[in-house]
Amino acid sequence: MSLYQTQKLKVYNSLTGEKEVFEPLSEGHVGMYVCGPTVYSNVHLGNCRTFMSFDMIFRYLKHLGYKVRYVRNITDAGHLENDAEDGEDKIAKKARLEQLEPMEVVQQYTLDFHSILQKFNLLPPSIEPTATGHIIEQIEIIKNILEKGFAYEINGSVYFDVEKFNETHEYGKLSGRKLEDMIANTRELAAQDEKKSPQDFALWKKAEAQHIMRWPSPWGDGFPGWHLECTAMSTKYLGETFDIHGGGMDLKFPHHECEIAQAEACNGHAPVKYWLHANMLTLNGKKMAKSTGNNILPNEMFSGENNILSKPYTPSVVRFFMMQAHYTSILDLSDEALSASEKGFQKLMDAIDSMEKLTTGPSSSFNVEEWKQKGYDAMNDDFNTPMLTANLFEAVKRINLIKEGKETITQKDKELFIETMHGFVFDILGLENQNSAMLNSDKLSSVVGLLIQLRNEARANKDFSTSDKIRDQLAAMGIQLNDGKDGTTFSLN
RNA sequence: GGCAUUGUGGCCGAGUGGCUAGGCAGAGCUCUGCAAAAGCUUGUACAGCGGUUCGAAUCCGCUCGAUGCCUCCA
């Protein structure tokens, strides 16, 4: 029996604006598509938060026993600077500016993307398709939409006819917009455009002579529009209808709205059952923007080479910090908030490290099963990781009380306690214990053990200058001695 | 200007009609040779103004602020 049969998950569906019981289309299987990055620059911290949120969701679904097919694309073509006639492809622009082949740009930033996500301990998706690898599929979809009459060709480009679509479908239902309002708002702009209406969006763009990224199509040489790739790849790997579509809040409109329109125009029915949107990350209360300098790259955080934070933070601390907020809330990153998380994270890891050594007794003074279910309840409530975290600190308190002899635990409960704690912290939240490798090193622990022994001998002889020297110099090296009831242990800072 | 989200104690951040979220920081105590660590105790917070209600941080309205989208952005 799988966990998902007993743990009832609810998710907040952006499409309906409500928390709904999660029921996959096919029992035991979940198809999830998440919009990946456009690889034209280094991945920034805000991007990482989104992917980390969906990594946590992926991990939890797997933990529940679902067989998950997680598709996250790489946009390596088609993402235009704007939708106007002279709109330039982001990759192509970067390639032109840096005098590189477009695929060199793609390769460079794809590698950067993977390397950063790996540091944050994100699991790789099941499939990571690229837009350029699915040009044929995209062309097929355009043909299909043209046949159905929801698109028109002009000068070698093909545009989606939003007004036509809206006659029989509802354009704007995801973002809560009404087409009439949008038209009313843009009427005065009167763009000089080959599009029939400013709301229309490109399915295929004609490549001008100087354009370096180009593919042949029934409408001449060109390249696909941005929204199309996600429809093509999600349909190919997950089917015409799948369970979860995720992405950043900022993609809700127009990108996801257009995806819905394309898929409905093509297949006549909605593509996605649950739309999940991760919220933005701000920096010192303000939007992250390269233009204002209010921006930080992950590697700059890890190395400490930046003007924003007082010191370096490890990927796991940053991940813990992000997991302390709900994925649908705006999260503000600041030095003060991060260093608070760092201390909390350390406390959590120290407690976990000490669990194996807990002494057991004939009875448990608290209900481990109950505590465990509280953790699941939190996760089942739309992946409420902050509540799960609060519950983890409840465990930390119990662990420390057991160490002090003020609480007791049976051997059986201890095993359950450790297993559950590891499941929540490492499997679901995806945190990594940077101490454990060091702590588990026999050499280090025996060396420190020797020093602890020498210190205790000095203390017994009231030679406090020696004992304090050992303690303080170890502390200076980042090894902290903890005098407890049953002797001295150590932890790493 | 339009649409959406949002405004919680010193900081971060859950909750969402009545019952302590949690972390960090601060104060007191216990333990300790002194510390540290750990434990215990401690915070009368919910932007403002009205309304609904026996009761609202939680629902409704208005005002103010923030964020996202409306051209590209996770």
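Throughout, protein chains are lettered first and strands after them, A, B, ... in sequence-line order, and every chain is numbered starting at 1.
Look at the C1' atom in both C11(B) and C69(B): the space between them is 29 Å, to the nearest Å.
Comparing C34(B), A14(B), G22(B) by their nearest atom to the side chain of Gln324(A) picks out G22(B). Listed nucleotides: G33(B), C69(B), C12(B). Nearest to the side chain of Phe253(A): C69(B). Residue Lys397(A) places its side chain closer to G39(B) than to any other of U67(B), G39(B), A21(B).
Residue-to-nucleotide contacts include a donor-acceptor pair under 3.5 Å from the side chain of Asp468(A) to the base of G33(B). Side-chain N/O atoms of Asp483(A) and base N/O atoms of A35(B) include a donor-acceptor pair closer than 3.5 Å. For Arg177(A) against C69(B), a side-chain-to-base donor-acceptor contact under 3.5 Å is present.
Both Leu401(A) and Gly176(A) sit near RNA chain B, but only Gly176(A) has its closest nucleotide nearer the 5' end. Both Ala325(A) and Asp250(A) lie near RNA chain B, and the one whose nearest nucleotide falls closer to the 5' end is Ala325(A).
Look at CG on Leu179(A): it is 18 Å from P on G2(B), rounded to the nearest Å. Here A74(B) presents its C1' atom at 12 Å from CE of Met52(A), a figure rounded to the nearest Å. Per the geometry, CG belonging to Asn380(A) stands 17 Å off C1' belonging to A14(B), to the nearest Å. Residue Met249(A) contributes atom CE, which lies 18 Å from atom C1' of C72(B) at whole-angstrom precision. The separation between Leu333(A) atom CG and A74(B) atom C1' is 15 Å, rounded to whole Å. Between Asn391(A) atom CG and G15(B) atom P there is a gap of 15 Å when expressed in whole angstrom units. Separating the CG atom of Asp200(A) from the C1' atom of U71(B) is a distance of 15 Å, rounded to the nearest angstrom. Here the C1' atom of nucleotide G39(B) and the CG atom of Asp350(A) are 16 Å apart, to the nearest Å.
Across all strands shown, G10(B) forms a Watson-Crick or G-U wobble pair with C24(B), both key distances being under 3.5 Å. Across all strands shown, C29(B) is found opposite G39(B) as a Watson-Crick or G-U wobble partner, with both distances under 3.5 Å. Shown here, U52(B) forms no base pair; nothing in the strands shown gives a Watson-Crick or G-U wobble contact with both key distances under 3.5 Å. With both pairing distances under 3.5 Å, C34(B) is matched to nothing as a Watson-Crick or G-U wobble pair. Nucleotide A66(B): paired with U5(B) (Watson-Crick or G-U wobble, both distances less than 3.5 Å). Of the nucleotides present, none pairs with C46(B) by Watson-Crick or G-U wobble criteria with both distances under 3.5 Å. With a cut-off of 3.5 Å on both Watson-Crick or G-U wobble distances, the partner of U71(B) is given as none.
In this structure, Lys252(A) does not reach the A74(B) phosphate: none of its side-chain N or O atoms is under 4.0 Å from OP1 or OP2. Between Asn384(A) and A14(B), a side-chain N or O to OP1/OP2 separation shorter than 4.0 Å is absent. Between A38(B) and Asn400(A), no contact under 4.0 Å exists linking OP1 or OP2 to a side-chain N or O. Put simply, Ser329(A) has no side-chain N or O that comes within less than 4.0 Å of OP1 or OP2 on G13(B). Taking 4.0 angstrom as the limit, Asn279(A) places none of its side-chain polar atoms (N or O) nearer than this to OP1 or OP2 of U67(B).
Among the heavy atoms of the strands lying under 4.0 Å from Ala337(A) are primed sugar atoms or P, OP1, OP2 only; no base atom is included. Among the heavy atoms of the strands, none lies under 4.0 Å from Lys178(A). Using a 4.0 Å heavy-atom cutoff across all strands shown, Lys347(A) reaches sugar-phosphate atoms only and no base atom. Nucleic acid contact class of Lys403(A) (heavy atoms, under 4.0 Å, all strands): none. Among the atoms of the strands shown, none is found under 4.0 Å from any heavy atom of Gly484(A). Residue Leu481(A) is classed as a base contact, given a heavy-atom separation below 4.0 Å to a base. Contact annotation for His255(A): no contact, since no heavy-atom pair falls under 4.0 Å across all strands. At a threshold of 4.0 angstrom between heavy atoms, the contacts of Ala278(A) with the nucleic acid are absent. Residue contacts shown for Gln480(A) are limited to sugar-phosphate atoms, with no base heavy atom under 4.0 Å away.
Looking only at distances, no side-chain donor or acceptor of Glu229(A) sits under 3.5 Å from a matching main-chain atom of Thr130(A). At least one donor-acceptor pair under 3.5 Å links the side chain of Ser365(A) to the backbone N or O of Thr408(A). Checking side-chain atoms of Arg319(A) against main-chain N and O of Leu429(A) turns up a donor-acceptor pair under 3.5 Å.
When ring centroids are compared, Tyr327(A) and Tyr12(A) stay outside the 6.0 Å threshold.
The aromatic rings of His169(A) and Phe165(A) sit parallel, their planes meeting at an angle under 30°, below the 60° perpendicular limit.
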Quiz prompt | ring-ring contact (aromatic ring centres under 6.0 Å, His included) between Phe120(A) and Phe302(A), intermediate numbers included | solution = CA-CA 11 Å; Phe120(A) 278 125; Phe302(A) 306 154; 5.3 Å; yes
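Evaluation of Phe393(A) against the base of G22(B) yields no stacking contact (centre distance < 5.5 Å, interplanar angle < 30° required).
Looking at every heavy atom in both residues, Ala378(A) comes nearest to Leu388(A) through CB-N, 3.6 Å.
For Tyr313(A) and Asp335(A), the side-chain atoms include at least one donor-acceptor pair closer than 3.5 Å.
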